[in-house]
Number of protein chains: 2
Amino acid sequence: MSETGRPAHVAGIRYPQRVRLVVARCSVDYAGRLSAHLPLATRLLVLKADGSVLVHSDGGSYKPLNWMSPPCTLTVSEPDEAQTDAGAQQIWTVTHTKTSDRLIVSVHEVLHDSQHELGVDPGLQKDGVEAHLQKLLAEQIHRLGEGHTLVRREYMTAIGPVDILARDSDGHSVAVELKRRGDIDGVEQLTRYLELMNRDPLLAPVAGVFAAQEIKPQARTLAEDRGIRCVVLDYDEMRGIDDSLSRLF
Amino acid sequence: MSETGRPAHVAGIRYPQRVRLVVARCSVDYAGRLSAHLPLATRLLVLKADGSVLVHSDGGSYKPLNWMSPPCTLTVSEPDEAQTDAGAQQIWTVTHTKTSDRLIVSVHEVLHDSQHELGVDPGLQKDGVEAHLQKLLAEQIHRLGEGHTLVRREYMTAIGPVDILARDSDGHSVAVELKRRGDIDGVEQLTRYLELMNRDPLLAPVAGVFAAQEIKPQARTLAEDRGIRCVVLDYDEMRGIDDSLSRLF
DNA sequence: GTCTAGATATCGCTT
DNA sequence: AAGCGATGTCTAGAC
């Protein structure tokens, strides 16, 4: 109960990682990059082995009401007189190791307290992010328009890599900016690439294509105003074709 | 154990909100906006009253390894033959109510299972960051340079509000884009405002100031290349002055 | 290490 | 309802 944060390594000995689950009536204060306060209520407190703390309510998204990110340490202390009068039984102070961020939990009543050994997690395997979309579009470059050919993915320029460089049926260069969701940011990014590339006589004229699964109206307006063509990609359809291709082998 | 998700309202009766904590050896698959897989390992599963599920490891940040956001429902089913052979005891399927997103948890061994009544949370009270920085800069407008005067905060234009509009010592307009961290995005945003405002004969010429607690090198280069002045703000110093002022009252 | 771009972002506010 | 900006963003990859 009065145990503090459990570092994974102490004096060279590797202790098993443990997560501690506490359900308690508590109030919470955070002082760091901002100040925040949570009034007294019953909440779930998750204390991870690296010292990090999550304060969750029963609802909302995956984001805790409040938290402290690692590296940090938890110390438990007795409440002072004022805190005792307010009903606090324990004060948990979570201090960030590098910054001066602080999370203070005033624990009024502990309703549950248990520890569980989880071990190290093998981690998440992802599929279907922008990288995958880029691979698919490179394989299905005709989606940019008839007669298009791939020059290369991640074409390097002085200000960063262009997602895809292609040529249209006339042999002119086409720079493609690819997004999962097409926002104004992406149009600005492509615009910077186009400005730079069109100064290169070996490449110019370079046309721009803004390709995304979904293009926001404002982004489309800005793009078309700048002569950038917009292409909406159907990920499922592209993946479907990719799967069918895979099945041939 | 075999209980499914508990909606907060059933047949007009309001049930108490409950959070369920499960520690289990499990593998997890997500199919929705992307595909993701978590190999078999021991993890913390948090099931909230709104049906949402968080899959946490003992470490990392506040973000779960995987999750399903509300509104969604959890159903528990028996594993099929292949799943039983793989060692699964139960299959939890979490389905999003509006999209077709799906989270499937293959539960191999339950190590802990408890439920806790939390009630409705009063919610977080926040104070700080960009709003505060904007208020401080409006009060300390001299930080833009000698002789500057405030016109107004959140000066509305056709494409959105400019954080601060001021005048310099010559009476010329100054548009200020304020950020906690000064990134290229912020420079682009300010550039769009300046283009628009400089078309307005009542305002033009409008100078630009990019003000932030921290300005990234690339952002500074881009800003200065466009004739936008960069001002680094010391939040603690500004807050200190603000506090001293407050103490006078 | 630092820095940059992407994200199943989430959250809140305004139109 | 939909769009947009901010976030204590977090995270992974590049340099």
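Naming: A, B, ... by sequence-line order, numbering from 1 per chain.
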Between dC4(D) (P) and Asp185(A) (CG): distance, integer Å: 11 Å
Closest listed nucleotide, where the reference is the side chain of Lys63(B) and the choices are dT11(D), dT4(C), dG3(D): dT11(D)
Heavy-atom closest pair, residues Gly59(A) and Lys48(B): O-NZ, 2.8 Å
Lys179(B) side chain near dA6(D) phosphate (N/O to OP1/OP2, under 4.0 Å): yes
Residue met sooner reading DNA chain D from 5', once Met156(A) and Tyr30(A) are mapped to nucleotides: Tyr30(A)
Atom-to-atom span, CD of Glu130(A) to C1' of dA14(D) - whole angstrom: 15 Å
Sugar-phosphate only, base, or nothing, as touched by Ser69(B) at under 4.0 Å among non-hydrogen atoms: sugar-phosphate
Phosphate-side-chain proximity, Gln218(B) and dC15(D), N/O vs OP1/OP2 below 4.0 Å: no
Nucleotide of dT15(C), dG6(C), dG5(D) approaching Gln189(A) most closely (side-chain heavy atoms): dG6(C)
Nearest heavy-atom neighbours spanning Glu177(B) and Gly186(B): CG-O, 3.7 Å
Sugar-phosphate, base or nothing in reach of Met68(A), heavy atoms under 4.0 Å: base
Among dG3(D), dG6(C), dG5(D), the nucleotide that comes nearest once only the side chain of Glu177(A) is considered: dG6(C)
Sugar-phosphate only, base, or nothing, as touched by Tyr62(B) at under 4.0 Å among non-hydrogen atoms: sugar-phosphate
Rounded distance in Å - CG (Asp163(B)) to P (dC4(D)): 17 Å
Value in whole Å for how far the C1' atom of dA7(C) lies from CG of Leu124(A): 12 Å
Toward the 5' end of DNA chain C, by each residue's nearest nucleotide, Asp183(B) or Arg181(A): Asp183(B)
5′-ward residue of the pair Leu103(A)/Ala219(A) relative to DNA chain D: Ala219(A)
Atom-to-atom span, NZ of Lys135(B) to C1' of dA6(D) - whole angstrom: 19 Å
For the student: nearest non-hydrogen atoms of Ala49(A) and Asp58(B), plus distance: N-OD1, 2.6 Å
Where Leu45(A) and Cys26(A) come nearest, the two heavy atoms and their spacing: CD2-SG, 4.4 Å
Check against side chain to side chain contact (heavy atoms under 4.5 Å, CB included), Leu203(A) and Leu165(A): CA-CA 10 Å; Leu203(A) 281 172; Leu165(A) 186 67; 4.3 Å; yes
Among dC10(D), dC15(D), dT10(C), the one nearest Ser61(B) by side-chain distance: dC10(D)
Atom-pair distance (CD1 on Ile184(B); P on dG5(D)), nearest Å: 17 Å
Separation of atom CG in Leu133(A) from atom P in dA5(C), rounded to whole Å: 19 Å
Separation of atom NE2 in His132(A) from atom P in dG6(C), rounded to whole Å: 17 Å
